[in-house]
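Here the structure is laid out as structure tokens; the discussion comes afterwards.
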Amino acid sequence: MRDEHPFEDLLVLIKGAGDLATGVAWRLHRSGIPVVMTELPLPLTVRRAVAFAQAVYDEEHEVEDVTARKALAADVPDVLDAGEVPVLVDEEMEAIDELAPSVVVDAVVAKVNTGTTLECAEFVAALGPGFEAGVDCHAVIETNRGPNLGRAIWEGAAEDDTGTPGAIRTPPTGQGSGEGGNGGPAEDVAAERVLRAPVAGRFQPLACIGDHVEKGSPYGAVVQPTGGETTLLAPFSGVLRGLIHESVSLEPGLKIGDIDPRGEPAHAFRISDKSLAVGGGVLEAFLHWHFGRSDDSVTEELGF
């Protein structure tokens, strides 16, 4: 049972349970704030080792000493009392009506608003582009890497989607992944570190999350509905930080994996700096709202 806590009577519902959403849930849960998450029947997350969405496939999943458990809305109180994070399969967001959360956080990171409004809860926050504070939600949390990452925005919107993942610097020759490193001086890897399906079909892994792969070596294949098979080759050497679940039906261009050129297997199993920063931004926004609810000047300023 959880100890008595000032947030005992509150409930935060997080839409989505991918790696960014998990950073948010992990920060809030570790701060003693009750959290419930929702997900698709077949989550599309690739960083599954550090995503509570994996509980949908495995019934439960632990990320850095916090356990998430697949649950129904009726199970939420018991799962919370056990000190765990409930994950509901709830594509239509029926849980908002069933659970009446005090706070809703849209952490789908779809780059567009898929239906979140100010009326969803007493306080509504959203991650990244596609939302305007004061119009779609009360606060937007910046997700773009840079000096504003994790900043809570109370007026306006987050930075526009760049369409390119944040760059990661490869180790120079002789360092990091592989005996020979990456065969040259250190360089930045951005778009090429995200692996995408070249054709429609089902993903068949030939390696596991956390495994090292050499440039040009197969890490998986796409089995096509017609019976054909397309082998997938690593664009550079590194560690597989994420792979999509085999149950997902792939469309061309869908993100199916992530290679980290730094070559550290442990990175695949730890919440990223970006996820922690974004989670910290949500925690800040939540506390600002929570402790300002009894302060008329603050609540009037923020439009609550």
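Side chain of Thr22 to main chain of Phe52: a donor-acceptor pair is present (N/O by atom type, distance under 3.5 Å, no hydrogens or angles). Glu64 places a side-chain N or O within donor-acceptor distance of the main-chain N or O of Ile271, the cut-off being under 3.5 Å. No donor-acceptor distance shorter than 3.5 angstrom exists from the side chain of Ser31 to the backbone of Ile33, with no hydrogens or angles considered. No donor-acceptor pair under 3.5 Å is formed between the side chain of Arg241 and the backbone N or O of Arg47.
Residues Val56 and Val63 are members of one and the same hydrophobic cluster, defined by side-chain heavy-atom contacts under 4.5 angstrom among Ile, Leu, Val, Met, Phe, Trp and Tyr. Leu127 and Val135 are members of different hydrophobic clusters when ILVMFWY side chains are connected at heavy-atom separations under 4.5 Å. Put simply, Val140 and Ile14 are part of two different groups of oily side chains (I, L, V, M, F, W, Y) that touch within less than 4.5 Å, one to the next.
Summarising the geometry of Ala73 relative to Leu88, their closest heavy-atom pair is N-CD2, 3.9 Å, with the distance given to 0.1 Å. The two residues Pro129 and Thr143 make their nearest non-hydrogen contact at CD-OG1, 3.9 Å. Heavy atoms only, all atoms of each residue included: Gly281 and Ala152 are closest at O-CB, 4.2 Å. For Ser237 against Glu214, the heavy-atom pair with the smallest separation is OG-OE1, 3.0 Å.
Among residues at least two apart or in separate chains, ring pair (Phe, Tyr, Trp, His ring centres under 6.0 Å) pairs with a member in residues 53-112 are Tyr57-His245. Sorted by first then second residue, the ring pair (Phe, Tyr, Trp, His ring centres under 6.0 Å) pairs that include residues 65-86, not counting sequence neighbours, number zero.
Between Arg145 and Asp273, at least one side-chain N (NZ, or NE/NH1/NH2) sits under 4.0 Å from a carboxylate O, which counts as a salt bridge.
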Which pairs would a plain distance check flag for residues 218-233, meaning a side-chain donor or acceptor within less than 3.5 Å of a matching protein atom at least two apart in sequence or in another chain?
{"from": "Gln224", "atom 1": "OE1", "to": "Thr230", "atom 2": "OG1", "distance (Å)": "3.2"}

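Distance check, rounded to the nearest 0.5 Å: CD of Glu39 to OG1 of Thr45 gives 5.0 Å. For the atom pair NZ (Lys111) and CZ (Phe131), the distance works out to 11.5 Å, reported to the nearest 0.5 Å.
Residues Glu159 and Asn144 have side chains that bring a donor and an acceptor to within less than 3.5 angstrom of each other.
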